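Labels below follow one simple rule: chain letters A, B, ... track the order of the sequence lines, proteins then strands, and each chain is numbered from 1. These values consider heavy atoms only, across backbone and side chains, with no hydrogens, waters or symmetry-generated copies. Just so we're clear, the structure is a prediction, and the values are computed from it rather than from any experiment.
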Amino acid sequence: GQQVMQIPQYQHVQEGEDFTTYCNSSTTLSNIQWYKQRPGGHPVFLIQLVKSGEVKKQKRLTFQFGEAKKNSSLHITATQTTDVGTYFCAGPHNAGNMLTFGGGTRLMVKP
Amino acid sequence: NAGVTQTPKFQVLKTGQSMTLQCAQDMNHEYMSWYRQDPGMGLRLIHYSVGAGITDQGEVPNGYNVSRSTTEDFPLRLLSAAPSQTSVYFCASRPRLAGGYQETQYFGPGTRLLVL
């Protein structure tokens with residue numbers, strides 16, 4: 001079945017450094033979503049990418065969808081302690097009804 | 001709107017006990033799903049429903065049952081709890097697909113389950 005892989009699993013950064021997490025799917029995706037989960041919390045939707053090569057920005061966060069629609073990335077510029085959490089990518093599963101999640105990248109920021 | 005609510009927040013069970021995790025949403029969403037989250041494993045789909053009276057299995061359905069008698073409620077039942085079911089369980093809901101694209105999925109706060 002479809003698999004969605006994320007790397008790295010963990011990332012420690014100094015506050016102010018940049019951070020990137022990568023997401024790869026075993027199959028072509030019609031769209032990809034990104035979620036953030038704060039420690040002890042639940043996943044919260046960040047963004048959806050639909051078009052091949054699409055790039056979207058949310059303040060310091062930049063999201064990209066690959067040309068082949070099989071990979072995606074999330075880049076955070078100048079991390080802050082508020083960026084701490086686990087970032088998940090997710091793609092449609094089972095004829096588009098539900099989401100298959102990647103394993104997540106846990107970001108830790110040292111002040 | 002309360003969004004997606006889950007009860008209980010925490011639960012400790014003994015091996016072999018059964019219990020039901022409750023999930024409700026007040027957004028009139030057709031689609032509801034249950035995920036379990038284990039360290040390093042991300043979120044894995046247990047069961048899902050695309051509307052009242054319709055349920056289907058996800059990636060890891062064994063040991064769990066679901067039913068969807070109303071649009072609002074989607075309970076998850078553990079038939080005979082096992083230590084391998086120790087996890088954090090999230091319920092989620094979203095509207096029906098619109099224009100062929102995935103809609104935002106809303107998650108409940110989670111239930112932390114420990115099976116001894």
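If you measure heavy-atom distances from Arg44(B) to chain A, you find no contacts under 4.5 Å at all. Of the two parts of Leu45(B), only the side chain, counted from C-beta on, holds a non-hydrogen atom closer than 4.5 Å to a non-hydrogen atom of chain A. The contact between Gln37(A) and chain B is made entirely by side chain atoms (from C-beta outward), counting heavy-atom distances below 4.5 Å.
Heavy atoms of other residues, nucleotides or ligands lying less than 6.0 angstrom from CE of Met27(B) number more than 12.
The line from CZ of Phe101(A) to OH of Tyr35(B) is 5.0 Å long, rounded to the nearest 0.5 Å. To the nearest 0.5 Å, the span separating CD on Gln33(A) from CZ on Arg94(B) amounts to 8.0 Å.
Linking ILVMFWY residues whenever their side-chain heavy atoms come closer than 4.5 Å, directly or via other members, leaves Tyr22(A) and Phe63(A) in distinct clusters. Residue Leu99(A) is not grouped with residue Tyr89(B) when hydrophobic side chains (ILVMFWY) are merged at heavy-atom distances under 4.5 angstrom, including chains of intermediate members. At a threshold of 4.5 Å between side-chain heavy atoms, the hydrophobic network of Ile, Leu, Val, Met, Phe, Trp and Tyr places Tyr106(B) and Leu43(B) in two separate groups. Following chains of ILVMFWY side-chain contacts shorter than 4.5 Å, one can reach Val66(B) starting from Met32(B), so the two form part of one hydrophobic cluster. Following chains of ILVMFWY side-chain contacts shorter than 4.5 Å, one cannot reach Val50(B) starting from Leu76(B), and the two form parts of different hydrophobic clusters.
Among all heavy-atom pairs drawn from Phe45(A) and Gln105(B), the shortest one is CB-O, 4.4 Å. Residue Pro43(A) comes nearest to Phe90(B) through the heavy atom pair CD-CE2, 4.1 Å, listed as atom of the first residue, atom of the second, then distance.
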